[in-house]
Amino acid sequence: MRFKSPKGTRDFYPDDMALRRWIMGKWDDVSRRNGFVEYDGPIFEDLDLYRVKSGDEIVDQLFHFNDRGGRELAIRPEMTPTLARMVAARVNSLPKPIKWYSQPRLCRAERPQRGRLREFFQWNIDIIGEQSELADAECIFVLVDFFRELGLSPQQVEIKLNSREIVASLLQAAKVPEEKQPAVYAALDKRDKLSAVAFEELLAKIELENGQKETLKRFGEAAGLEGLNSIATFLRESDVSTDGCESVRKVIEYLGAFGASDYCQFDMGVVRGLAYYTGVVFEAFGKGGLRRAVGGGGRYDQLIENMGGPSVAAVGFATSDVVIADLLAEFDKMPSTTESIDYFVIDADPSVFDIVLNITSKLREKGLSATFSYQRQGVGKQFKQAASRNAGRVVIVEGNFDTSKAVSVKDMATSNQATLMLDAFLDNPNCKIEST
RNA sequence: GUGGCUGUAGCUCAACGGUGAGAGCAUCGCGCUGUGAACGCGAGGGUACGGGUUCGAUUCCCGUCGGUCGCCCCA
């Protein structure tokens with residue numbers, strides 16, 4: 001019987017692990033320089049925590065189990081419920097705005113596809129306790145900052161933003177009956193992925209009146225400032241609130257001041273499936289062949305209260321290591337993550353091998369990485385090992401070490417090599433090596 | 001959960017239903033008892049799993065498992 005990793009999970013061999021660390025390191029760097037602090041919670045929670053947010057249907061989509069006391073528990077499929085729980089518990093003592101980030105390992109009982117596994121790491125950025133559009137804009141800026149950090153240009157990734165309020169106003173102006181609104185939200189959200197014909201078929205299925213369909217077709221593709229203006233004009237003429245348009249306009253203005261507007265654009269095609277979004281919503285897309293969403297978020301001002309917490313404004317986004325890795329691969333931005341070691345210590349003669357171990361341990365004590373060959377073999381073979389481990393320097397313990405107390409140190413990059421007294425070398429292992 | 005496509009070595013790929021399933025890269029050993037390369041020689045390692053058809057199956061069929069594309073969903 002030979003086992004493999006379960007469906008939708010990954011083994012992280014050292015090369016894979018290096019990439020994962022690299023991506024998560026970028027998440028750390030970008031979060032911190034944007035003023036976010038890290039939090040985490042348990043990897044499993046009460047199943048009810050997710051039921052409260054998403055209803056019973058969610059239960060089939062996550063991994064759950066009972067403990068020996070009969071408690072219903074679930075491996076976390078998302079971070080927001082945990083965040084809401086933690087914020088609710090201390091909301092009065094936390095300085096506002098709360099700017100927190102997390103990089104949880106999550107599990108979902110889904111059918112795996114590219115970019116979508118059963119176990120993955122997610123980057124969550126949230127700003128809680130701030131209702132101004134400044135918070136929406138800053139979240140989006142963090143995403144832009146991250147893309148720039150990865151070396152991805154506005155030609156390669158874009159962020160589309162919209163507001164749930166605009167969609168609601170538009171449906172109000174078009175007099176779409178309330179029971180048909182969820183289907184219309186879903187149709188608008190899919191519009192970018194569909195052809196014009198398929199979009200029309202979808203609208204036909206909802207059985208809207210012709211006027212309503214015309215309005216949706218007319219504005220469903222609205223994008224950019226012109227699109228935003230045309231919708232605002234239409235809403236004003238229809239005597240319906242334009243607050244959503246104003247929100248988006250403000251966010252775009254702030255993004256301009258942040259110097260990030262080259263990545264961002266209003267787009268009516270982003271609605272997001274989740275019912276709990278209340279205001280600005282946004283989604284990032286790769287503009288290569290895959291054209292998939294690579295992250296998204298929005299404002300969820302009611303959610304924490306609905307989950308039994310205090311009434312507090314919130315906005316955030318998430319993206320996963322899986323889609324980020326795909327994005328990097330697509331645009332040839334994969335980092336080189338070769339492991340290297342500071343020192344490789346070799347013996348010129350097996351009789352001085354104990355000195356090799358001694359020097360290795362002293363280098364390690366100084367915080368330098370150092371290793372050696374497990375086999376007693378020729379200098380040439382040991383050098384090959386040093387090279388294959390990407391050693392920065394090689395220390396050669398001379399065969400006559402007992403009398404000379406000297407070692408040769410070779411800088412592998414410059415090929416410079418010098419013979420030094422061991423004590424002097426250990427006092428300053430990183431001293432400059434000049435050929436003698 | 002559901003439908004299509006797919007599965008050969010660690011990776012990328014060969015092999016008409018017919019000898020003992022090959023190659024490149026990677027790994028290990030040797031050439032190479034005082035310096036990394038290149039090269040040469042050699043070794044290890046595989047038909048995802050289980051059935052069926054057949055004289056004979058990597059090849060055809062069924063099931064399971066995995067991957068992938070779409071649907072559902074997308075927190």
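Quick caveat, the model's predicted, so the values are computed rather than measured. Residue numbers begin at 1 in each chain, while the letters A, B, ... track the order of the sequences.
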- Query: For the side chain of A:Asp189 and the backbone of A:Arg272, is there at least one donor-acceptor N/O pair under 3.5 Å apart?
  - Reply: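 Checking the backbone N and O of A:Arg272 against the side chain of A:Asp189, a donor-acceptor pair under 3.5 Å is found.
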
- Message: Whether the side chain of A:Gln382 engages the backbone of A:Gln377 through a donor-acceptor N/O pair (distance < 3.5 Å, no angle test) should be reported.
- Response: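 Flag set: sc A:Gln382 to bb A:Gln377 pair under 3.5 Å.
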
Does the structure show a Watson-Crick or G-U wobble partner for [N], both distances under 3.5 Å? Name it, or say none.
{"N": "B:G17", "answer": "none"}
{"N": "B:C11", "answer": "B:G24"}
{"N": "B:C41", "answer": "B:G29"}
{"N": "B:G3", "answer": "B:C69"}
{"N": "B:G63", "answer": "B:C49"}

- Query: Which residue, A:Lys4 or A:Tyr277, contacts RNA chain B at a nucleotide closer to its 5' end, judged by nearest heavy atom?
  - Reply: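 Looking at the nearest nucleotide for each, A:Lys4 comes out on the 5' side.
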
- Query: Which comes earlier along RNA chain B counting from the 5' end, the contact point of A:Ala318 or that of A:Arg111, where each point is its nearest nucleotide?
  - Reply: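 It is A:Arg111 whose nearest nucleotide is closer to the 5' end.
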
Taking [M] as the reference, what is the distance to [N] when you measure between their [atom1] atoms (whole Å, please)?
{"N": "B:C11", "M": "B:G50", "atom1": "C1'", "result": "28 Å"}
{"N": "B:G10", "M": "B:C49", "atom1": "P", "result": "12 Å"}
{"N": "B:G44", "M": "B:U33", "atom1": "C1'", "result": "27 Å"}
{"N": "B:U54", "M": "B:G17", "atom1": "C1'", "result": "9 Å"}
{"N": "B:G52", "M": "B:G1", "atom1": "C1'", "result": "29 Å"}
{"N": "B:C41", "M": "B:C5", "atom1": "P", "result": "45 Å"}
{"N": "B:C55", "M": "B:U19", "atom1": "C1'", "result": "16 Å"}
{"N": "B:A23", "M": "B:U8", "atom1": "C1'", "result": "13 Å"}

Sugar-phosphate only, base, or nothing, as touched by [X] at under 4.0 Å among non-hydrogen atoms:
{"X": "A:Ile58", "value": "base"}
{"X": "A:Ile346", "value": "nothing"}
{"X": "A:Gly8", "value": "sugar-phosphate"}
{"X": "A:Met412", "value": "base"}
{"X": "A:Gln375", "value": "sugar-phosphate"}
{"X": "A:Ala386", "value": "nothing"}
{"X": "A:Tyr13", "value": "nothing"}

Using whole Å, report how far [atom1] of [X] lies from [atom2] of [N].
{"X": "A:Tyr374", "N": "B:G29", "atom1": "OH", "atom2": "P", "result": "15 Å"}
{"X": "A:Ile396", "N": "B:U33", "atom1": "CD1", "atom2": "P", "result": "16 Å"}
{"X": "A:Asp60", "N": "B:C72", "atom1": "CG", "atom2": "P", "result": "17 Å"}
{"X": "A:Asp326", "N": "B:U68", "atom1": "CG", "atom2": "C1'", "result": "12 Å"}
{"X": "A:Asp16", "N": "B:C11", "atom1": "CG", "atom2": "P", "result": "11 Å"}
{"X": "A:Phe383", "N": "B:G36", "atom1": "CZ", "atom2": "C1'", "result": "7 Å"}
{"X": "A:Arg389", "N": "B:U35", "atom1": "CZ", "atom2": "P", "result": "22 Å"}

Quick check for you: among [options], whose closest atom lies nearest to any side-chain atom of [X]?
{"X": "A:Gln61", "options": "B:G36, B:C73, B:G34", "result": "B:C73"}
{"X": "A:Arg116", "options": "B:G34, B:G29, B:C74", "result": "B:C74"}
{"X": "A:Arg108", "options": "B:G36, B:G34, B:C74", "result": "B:C74"}

- Message: Name the residue from A:Leu83, A:Ile98, A:Val87 that meets the side chain to side chain contact (heavy atoms under 4.5 Å, CB included) definition with A:Tyr39.
- Response: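 For A:Tyr39, the side chain to side chain contact (heavy atoms under 4.5 Å, CB included) check succeeds only for A:Leu83.
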
- Among A:Asp354, A:Val397, A:Val352, side chain to side chain contact (heavy atoms under 4.5 Å, CB included) partner for A:Ile359: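 Answer to the side chain to side chain contact (heavy atoms under 4.5 Å, CB included) test with A:Ile359 among A:Asp354, A:Val397, A:Val352: A:Val397.
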
- Query: Would you say the side chain of A:Gln156 lies within less than 4.5 Å of the side chain of A:Lys333, judging by non-hydrogen atoms?
  - Reply: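 Contact flag for A:Lys333/A:Gln156 side chains = yes.
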
Has the side chain of [X] got a donor or acceptor atom sitting under 3.5 Å from an opposite partner on the base of [N]?
{"X": "A:Gln113", "N": "B:G67", "result": "no"}
{"X": "A:Lys7", "N": "B:G67", "result": "no"}
{"X": "A:Ser415", "N": "B:G36", "result": "yes"}
{"X": "A:Glu110", "N": "B:G1", "result": "no"}
{"X": "A:Gln417", "N": "B:U35", "result": "yes"}

- Can you label the angle between the A:Phe146 ring and the A:Trp27 ring as parallel, tilted or perpendicular, going by 30° and 60°?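 Because their plane-to-plane angle lies in the 30° to 60° range, the rings of A:Phe146 and A:Trp27 count as tilted.
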
- To the nearest 0.5 Å, tell me how far A:Ser351 OG sits from A:Phe401 CZ.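 It is 11.0 Å, given to the nearest 0.5 Å.
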
Can you tell me if the side-chain N/O atoms of [X] get under 4.0 Å from OP1 or OP2 in [N]?
{"X": "A:Lys190", "N": "B:C72", "value": "yes"}
{"X": "A:Arg114", "N": "B:G67", "value": "no"}
{"X": "A:Gln382", "N": "B:U33", "value": "no"}
{"X": "A:Lys381", "N": "B:C30", "value": "yes"}

- Task: Taking atom types as modelled, find out whether A:Trp123 and A:Ser31 have a side-chain donor-acceptor pair closer than 3.5 angstrom.
- Result: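 Result is yes, a qualifying pair exists.
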
